[in-house]
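The chains referred to below are lettered A, B, ... by the order of the sequence lines, with proteins before strands, and numbering in each begins at 1. Below, each value reflects all heavy atoms present in this structure, side chains not excepted, and no hydrogens, waters or symmetry copies.
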There are 2 protein chains.
Amino acid sequence: MKLSEGVEWAIHACALLAAVPPRAALPTRKLAEFFDLPLAYLAKHLQRLSNAGIVIARKGPRGGYALARPAREISLLDIVEAIEGRSPCFSCTEIRRRGPSGAPATAYRRPCGIARAMWKAEKAWRAELARVSLREIQAMGLAETPAAQVKKATAWMETALS
Amino acid sequence: MKLSEGVEWAIHACALLAAVPPRAALPTRKLAEFFDLPLAYLAKHLQRLSNAGIVIARKGPRGGYALARPAREISLLDIVEAIEGRSPCFSCTEIRRRGPSGAPATAYRRPCGIARAMWKAEKAWRAELARVSLREIQAMGLAETPAAQVKKATAWMETALS
DNA sequence: GGCAGGTTACTCGGATAGCGATTGTCCGAGTTGATCTGG
DNA sequence: CCAGATCAACTCGGACAATCGCTATCCGAGTAACCTGCC
C-alpha cells in the first residue's frame, strides 16, 4: 500500500505549470531542472498526464507542456488517477464463493460486505482528493514558501520562457 | 496504488475466527481449507496478524489462531495496517527544497502543502476503515449469505473443532 | 486406579526462492521556428 | 526588401532493460495432548 513517488513529482510539476503564463509552455527539460529530477523518468509521468488530458503537449521549439484546463478545474484526484490508474485499490476475488461452504455467484444478491466496506473507505479518500484543486495547492505553495525563494523561482521562470 | 490481496484473505480469516467459540482455536490448515487458499502463503499473513496482536497463536495439538480481542474491538484498519504496514501511503521527499529555487529545511515552517493534502485524504480513508468493526463485518456476512451456506459453514466449523 | 514421564504429532515462526510491477533509460517520429535563396 | 521553400534543432512519444517488493514455499522450534509404565 504505497503510492509511487511519481505522484509527488506529477503534482509538483502541475503546480509549477499552473504558474506558467497563458499561451506559453514549459518543456520537460526545464521542469526536470527546476526540481533536480531525472529527466527521462519525469518525462514518463508527464506523458501519463498528457494521455489523461490534464496537460497539453506542444512539440518543436518553444514547445513543452501546459495545463489543459484552468488550475481551478484540476483536482488532486485527477493527477493521482492519471499516474496510478483508475482501478480500485481493493479488488474482491470473491473468496466467499470458494471452499466447502461456497456457492455459485447467483446465490449472492449483494457484493461482498468486506468489499463494500473497503470501497466505501476508498470513496471517502477519493472524495477528499477531489475536493482540493490545483489552484489551492499553488496558492498554498506561494503563501508558505519564503519570499526569497518565490523571487528566485519567478526569475527562473522568466529565463526559462525566454 | 494497489492493496495486496493478502488484505482480503486476512479480513475473511478474521471474520471466520470471530465465529469460533471462546477458548477454541482454528489452525491455519483449517482456515486454508475453508477458503481453498494456499496454506503456506495464508500462514504468512496470519503471522503478520499475530505480530500485530490481533490474533493469538496457540501451538501444539488443538492449537491454532483465535482473536486476541472481542470482534467489536477490532477494526478493519487494524487488519489493513497489520498486513500493509503502518507507514503513510504518500511519502514526501521534500522536492520543494531541491533545484535552483530550493532552500534548506529551516526556511520552511510548515510541511509541504501537497503532503498535507495527501495526508488529510489518507486520514479520511483510515478513519472510515477504523469506523467499521469486525463484528459488523461478521454480521453482514451472516445476514447476506444464503441460509444453506451458513448451515454448511456451521457444520464445517463443528467438525473442524472436534 | 492414579500419576509421572516420555513420546509423538501437531502447530506456529522465521528464513528462503520466483515473479511481476514499478523504476529508470533510450532512440525515433513529429513539429516549429529560423535561415537562406531567389525574385 | 519580401516571400517561399528548405533546413535544422528541439520537443514529445512509445518501446526497451533493471531493480525492488509482493507472491509463494519450505523446514526447524516449540508445545500440548496422549500413551505407557509404574506405584
Side-chain angles (χ1 to χ4, degrees), chain A residues 1-10 13 17 20 23-33 35-66 68 80 82-85 87 89-91 93 160-162, chain B residues 1-10 13 17 20 23-33 35-66 68 80 82-85 87 89-91 93 160-162:
Chain A
M1 181 59 193
K2 162 178 80 69
L3 273 78
S4 82
E5 66 176 348
V7 170
E8 187 185 6
W9 297 9
L17 287 180
V20 171
R23 316 287 299 170
L26 212 54
T28 311
R29 185 177 189 81
K30 289 294 175 185
L31 280 165
E33 179 191 324
F35 294 117
D36 189 23
L37 293 176
L39 180 133
Y41 192 28
L42 177 62
K44 192 173 187 60
H45 295 308
L46 292 173
Q47 189 177 338
R48 294 264 183 101
L49 292 175
S50 176
N51 285 340
I54 294 176
V55 300
I56 292 289
R58 237 180 114 84
K59 287 187 178 180
R62 313 279 284 178
Y65 288 103
V80 170
I83 302 296
E84 294 282 331
S87 54
C89 305
F90 181 87
S91 62
T93 60
L161 293 176
S162 65
Chain B
M1 181 59 191
K2 161 179 79 71
L3 273 77
S4 83
E5 66 178 348
V7 170
E8 187 185 7
W9 298 8
L17 287 180
V20 171
R23 315 287 298 169
L26 212 54
T28 310
R29 184 178 190 80
K30 289 293 176 186
L31 279 165
E33 178 190 326
F35 294 117
D36 189 24
L37 293 176
L39 179 133
Y41 191 29
L42 177 62
K44 190 170 188 61
H45 294 307
L46 291 172
Q47 188 178 338
R48 295 266 183 100
L49 292 175
S50 176
N51 285 340
I54 295 176
V55 300
I56 292 289
R58 239 177 110 86
K59 287 186 177 180
R62 312 280 281 176
Y65 289 103
V80 170
I83 302 296
E84 294 282 332
S87 54
C89 306
F90 180 86
S91 62
T93 60
L161 293 177
S162 65

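- For the pair B/Glu5 CD and D/dA24 C1', the interatomic distance rounds to 10 Å; values are reported in whole Å.
- In this structure, A/Leu39 atom CG and D/dG13 atom C1' are separated by 13 Å, rounded to whole Å.
- Contact of the A/Met1 side chain with the B/Met1 side chain is registered, since non-hydrogen atoms from C-beta on lie closer than 4.5 Å.
- Every residue was checked against the ring pair (Phe, Tyr, Trp, His ring centres under 6.0 Å) condition with A/Phe90, not counting sequence neighbours, and none meets it.
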Exercise. So A/Leu39 and A/Leu31, side-chain contact (heavy atoms from CB on, under 4.5 Å) or not? Walk me through it.
Worked result: CA-CA 8 Å; A/Leu39 180 133; A/Leu31 280 165; over 6 Å; no
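- In this structure, the side chains of A/Ser91 and B/Glu5 stay at 4.5 Å or more apart for every pair of heavy atoms.
- One can place CD1 of A/Ile83 at 12 Å from C1' of C/dT22, the figure rounded to the nearest angstrom.
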Seminar exercise, completed: In B/S/- notation (B base, S sugar-phosphate only, - none; protein heavy atoms under 4.0 Å), nucleotides 4-18 of chain C written 5' to 3' is ------BSSSBB---
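- The two residues B/Tyr65 and B/Ser50 have their closest heavy-atom pair at CE2-CB, 4.1 Å.
- Atom NE2 of B/His45 and atom P of D/dT25 are 11 Å apart (whole Å).
- Across the protein-nucleic acid pair, A/Leu42 atom CG and C/dT23 atom P stand 13 Å apart, rounded to whole Å.
- Listed pair B/Tyr41 / D/dT25 fails the phosphate criterion, with no side-chain N or O lying under 4.0 Å from OP1 or OP2.
- Between A/Met1 atom CE and D/dT23 atom P there is a gap of 14 Å when expressed in whole angstrom units.
- Between the CG atom of B/Leu3 and the P atom of C/dT22 there is a distance of 13 Å, rounded to whole Å.
- When the P atom of D/dC10 is taken as reference, atom CG of A/Leu31 falls 17 Å away, rounded to whole Å.
- Partners of B/Pro38 by side-chain contact (heavy atoms from CB on, under 4.5 Å), not counting sequence neighbours, listed by chain and number: B/Trp9, B/Tyr41.
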